[in-house]
Amino acid sequence: MPITPATATNSPSSGTAKPILLELVDEDGVTVGTAEKLSAHQPPGKLHRAFSVFLFDERGRLLLQQRALGKYHSPGVWSNTCCGHPYPGEAPFAAAARRTYEELGVSPSLMAEAGTVRYNHPDPASGLVEQEYNHLFVGMVQSPVRPDENEVAATAFVTPEDLAERHARDTFSAWFMTVLDAARPAVRELTGPSAGW
């Protein structure tokens, strides 16, 4: 399966390299065009389609990932289980399942749509901007995680209390709380009241 860092290219049989394209959308999430991945993130940013995945174990703990230090955007920070961008024309659900497998080596045993959220978050460290129309997904993970070290530096399963401590201590992605808060109703439905989300 393809890995899609910002500078990756696809090499068709003609030998010409093609840049990775993102799907540009309007404020209602309707596709309006495409843009090269890195240019879409340069200030002020172009509104594009994205996804965020939140996977939980059977004890209701959230799987976090620490982004690899080699990532072009927000390297080394903690964030939700998986996030990324569909290819133009790719369904967000399919993209979310694909990237979860590529980054973490697992396929969710259950994954459901959890709404959308629109945000604009600059990343102070890189100077890039996340101007995204983000499709949210929640689900379960029941097999061991096998992270791709080029994508993921570390993983951790956390309770809400663990997350509060870690969030106060460690650096998280600029978008993390925005997407988590937007997904909370679906998270609570999935994990039940005892999990505390």
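For E165 and R169, the salt-bridge test fails: no basic side-chain N is under 4.0 Å from an acidic carboxylate O.
The two atoms that bring V129 and P43 nearest to each other are CG2-CA, 3.9 Å, heavy atoms only. Of all non-hydrogen atoms in T155 and P147, the two that sit nearest each other are CG2-CG, 3.9 Å. Closest approach of S79 and S173 over heavy atoms only: OG-OG, 2.8 Å. Of all the heavy atoms in K46 and A35, the pair that sits closest is CD-CB, 4.1 Å. Looking at every heavy atom in both residues, D148 comes nearest to N150 through OD1-N, 2.9 Å. Between A182 and L136, the closest heavy-atom pair is CB-CD1, 3.5 Å.
Under a cut-off of 6.0 angstrom, the local environment of CD in Q42 is crowded, with over 12 non-hydrogen atoms contributed by other residues, nucleotides or ligands.
Side-chain atoms of D26 come within 3.5 Å of backbone atoms of D28 as a donor-acceptor pair (strictly under, hydrogens ignored). Side chain of E23 to backbone of T34: no donor-acceptor contact under 3.5 angstrom is found. Using modelled atom types, no side-chain atom of W78 and backbone atom of F176 make a donor-acceptor pair closer than 3.5 Å. The backbone N or O of V179 lies less than 3.5 Å from no partner atom in the side chain of S52, so there is not a single donor-acceptor pair. Between the side chain of Q131 and the main chain of P44, a donor-acceptor pair closer than 3.5 Å is present. Listed for the Q66 side chain is a donor-acceptor partner under 3.5 Å among the backbone atoms of G76.
Hydrophobic cluster membership differs between L62 and V77, with clusters built from Ile, Leu, Val, Met, Phe, Trp and Tyr side chains linked at under 4.5 angstrom. Criterion: ILVMFWY side-chain heavy atoms under 4.5 Å apart, direct or through other members. Under it, V25 and L38 are not part of a common hydrophobic cluster. Using a 4.5 Å cut-off between side-chain heavy atoms of Ile, Leu, Val, Met, Phe, Trp and Tyr, with links allowed through other members, V187 and L55 fall into different hydrophobic clusters. Connection of L104 to V141 is established within a shared hydrophobic cluster, with ILVMFWY side chains joined at heavy-atom distances below 4.5 Å, either directly or through further cluster members. Residues Y133 and L180 are members of separate hydrophobic clusters, defined by side-chain heavy-atom contacts under 4.5 angstrom among Ile, Leu, Val, Met, Phe, Trp and Tyr.
Note on ring orientation: taking the six-membered ring where Trp is involved, the planes of H135 and F137 are parallel (angle under 30°, cut-offs 30° and 60°). The aromatic rings of H85 and H41 sit perpendicular, their planes meeting at an angle over 60°, well past the 30° parallel limit.
Rounded to the nearest 0.5 Å, atoms SG (C83) and CD (E103) are 7.0 Å apart. Residue F56 holds its CZ atom at 9.5 Å from CG of L63, rounded to the nearest 0.5 Å. R146 contributes atom CZ, which lies 5.5 Å from atom OH of Y101 (distance to the nearest 0.5 angstrom). The distance from atom OG1 of T191 to atom CH2 of W197, rounded to the nearest 0.5 Å, is 8.0 Å. Separation of atoms CG (L163) and CG (L64) is listed at 6.0 Å; rounding is to 0.5 Å. Rounded to the nearest 0.5 Å, atoms CG (L128) and OG (S74) are 8.0 Å apart.
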Side-chain polar contacts of residues 107-115 - donor-acceptor pairs under 3.5 angstrom, sequence neighbours left out - could you list them?
{"from": "S109", "atom 1": "OG", "to": "M140", "atom 2": "O", "distance (Å)": "3.4"}
{"from": "S109", "atom 1": "OG", "to": "Q142", "atom 2": "OE1", "distance (Å)": "2.9"}

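Taking the side chain as every heavy atom from C-beta outward, N120 and L47 never approach each other to under 4.5 Å. Side-chain contact check for K18 versus E36: every heavy-atom pair is 4.5 Å or farther apart. Inter-residue side-chain proximity for D162 and T159 is flagged as met; some heavy-atom pair is nearer than 4.5 Å. Side-chain contact check for E151 versus E102: every heavy-atom pair is 4.5 Å or farther apart. Looking only at side-chain heavy atoms (C-beta outward), F51 and E90 stay at 4.5 Å or farther from each other.
Taking the salt bridge (charged side-chain N to carboxylate O under 4.0 Å, His left out) definition, one finds that R188 meets it with nothing, sequence neighbours left out.
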### Test log, rule side-chain contact (heavy atoms from CB on, under 4.5 Å), inputs V158 and R61
CA-CA 5 Å; V158 296; R61 297 179 304 167; 5.8 Å; no
### Message
Test side-chain contact (heavy atoms from CB on, under 4.5 Å) on W175 and V117; report intermediate values, then the result.
### Response
CA-CA 11 Å; W175 62 86; V117 63; over 6 Å; no
### Task
Could you give me the CA-CA distance, side-chain angles and deciding distance for R118 and E132, then say whether side-chain contact (heavy atoms from CB on, under 4.5 Å) is met?
CA-CA 6 Å; R118 183 338 186 173; E132 293 188 332; over 6 Å; no
